[in-house]
Enquirer: 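So that we are looking at the same thing, I have put the structure below in structure tokens.
For the single chain, residues carry numbers from 1 onward in sequence order.
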Amino acid sequence: MELKISSRSHDGCAVVTVRGEIDLYTAPQLHSRLVDSLDDGARRLVVDLSRVDFCDSTGMNVLLSAMKRARERDGEFELAAPRPAVMKILQVTGLDGVFTILDSTDAIPVPAGTSAVE
């Protein structure tokens, strides 16, 4: 399955919306987008997982790496609205206690349509 990523940013906060499956083949694309958002100056990075159907260990490592990079820059890193299959992986691995997880996309602070990039 193809991975689609879009991002938008406003006032130091970037939201990266991911759709599809995050696996060995698609994880590098996500990694690149998350690093770009942080390099562009995002102090808060929110990854919207509400449309992700599957995430393997490679994908989890990408998310962990991005969180570490954000924290090294005194920034925040959050996951938003993971679907049940992804949430189960987070729980089984104990990563639900490592990541800040927002229950819904309603909590995402960036207005829709700001600086969107597909």
Enquirer: Pairs in or reaching into residues 82-94: which pass salt bridge (Lys or Arg N to Asp or Glu O under 4.0 Å), with residues at least two apart or in two chains?
Expert: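 Qualifying pairs: Asp53-Arg83.
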Enquirer: Is any side-chain heavy atom of Thr17 closer than 4.5 Å to a side-chain heavy atom of Ile5?
Expert: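 The answer is no, as the side chains (C-beta and beyond) never meet within the 4.5 Å cut-off.
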Enquirer: What heavy-atom pair brings Ala14 and Ala42 nearest, and what distance separates the two atoms?
Expert: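 Heavy-atom minimum between the residues: CB-CB, 3.7 Å.
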Enquirer: Any donor-acceptor pair under 3.5 Å linking the side chain of Thr26 with the backbone of Glu21?
Expert: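 Side chain of Thr26 to backbone of Glu21, a donor-acceptor pair under 3.5 Å: yes, one is there.
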Enquirer: Partners of Thr93 by side chain to side chain contact (heavy atoms under 4.5 Å, CB included), sequence neighbours excluded?
Expert: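 With sequence neighbours excluded, Thr93 shows a side chain to side chain contact (heavy atoms under 4.5 Å, CB included) to Ile89, Leu95, given in chain and number order.
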Enquirer: Compile the donor-acceptor pairs under 3.5 Å between side chains in residues 62-74 and protein atoms, sequence neighbours left out, one pair per line.
Expert:
from	atom 1	to	atom 2	distance (Å)
Arg73	NH1	Leu38	O	3.1
Arg73	NH1	Asp39	OD1	3.2
Arg73	NH2	Asp39	OD1	3.0

Enquirer: With Ser50, which residues qualify under side-chain hydrogen bond (donor to acceptor under 3.5 Å, both in side chains), at least two apart?
Expert: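 Here the qualifying residues are Asp48.
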Enquirer: Report the residues that fulfil side chain to side chain contact (heavy atoms under 4.5 Å, CB included) with Asp96, sequence neighbours left out, ordered by chain and then residue number.
Expert: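 Per chain and number, Asp96 pairs via side chain to side chain contact (heavy atoms under 4.5 Å, CB included) with Met87, Leu90, Gln91, Ile101.
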Enquirer: Taking atom CG of Leu34 and atom OG of Ser7, what is their separation to the nearest 0.5 Å?
Expert: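 Answer rounded to 0.5 Å: 9.5 Å.
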Enquirer: Could you grab the distance from atom SG of Cys13 to atom CD of Glu76, nearest 0.5 Å is fine?
Expert: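 That separation rounds to 8.0 Å.
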Enquirer: Rounded to the nearest 0.5 Å, what's the gap from CZ on Arg51 to NZ on Lys4? Could you check?
Expert: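 Between atom CZ of Arg51 and atom NZ of Lys4 there are 11.5 Å.
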Enquirer: Tyr25: which residues meet the side chain to side chain contact (heavy atoms under 4.5 Å, CB included) condition with it, sequence neighbours left out?
Expert: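 In terms of side chain to side chain contact (heavy atoms under 4.5 Å, CB included), with neighbours along the sequence ignored, Tyr25 is linked to Asp23.
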Enquirer: Is there side-chain contact between Ile22 and Thr58, with heavy atoms separated by less than 4.5 Å?
Expert: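 They are not in side-chain contact.
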Enquirer: So do the side chains of Val86 and Met60 get within less than 4.5 Å of each other, counting heavy atoms only?
Expert: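 Yes, close enough: below the 4.5 Å cut-off.
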Enquirer: I'd like to check the side chain to side chain contact (heavy atoms under 4.5 Å, CB included) partners of Thr100; sequence neighbours left out, ordered by chain and number.
Expert: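 Here the qualifying residues are Glu78.
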Enquirer: What distance do Leu49 atom CG and Phe99 atom CZ have between them, rounded to the nearest 0.5 Å?
Expert: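 If I round to the nearest 0.5 Å, the distance is 9.0 Å.
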Enquirer: Can you list the steps and then say if Val46 with Val16 is a side-chain contact (heavy atoms from CB on, under 4.5 Å)?
Expert: CA-CA 6 Å; Val46 180; Val16 175; over 6 Å; no
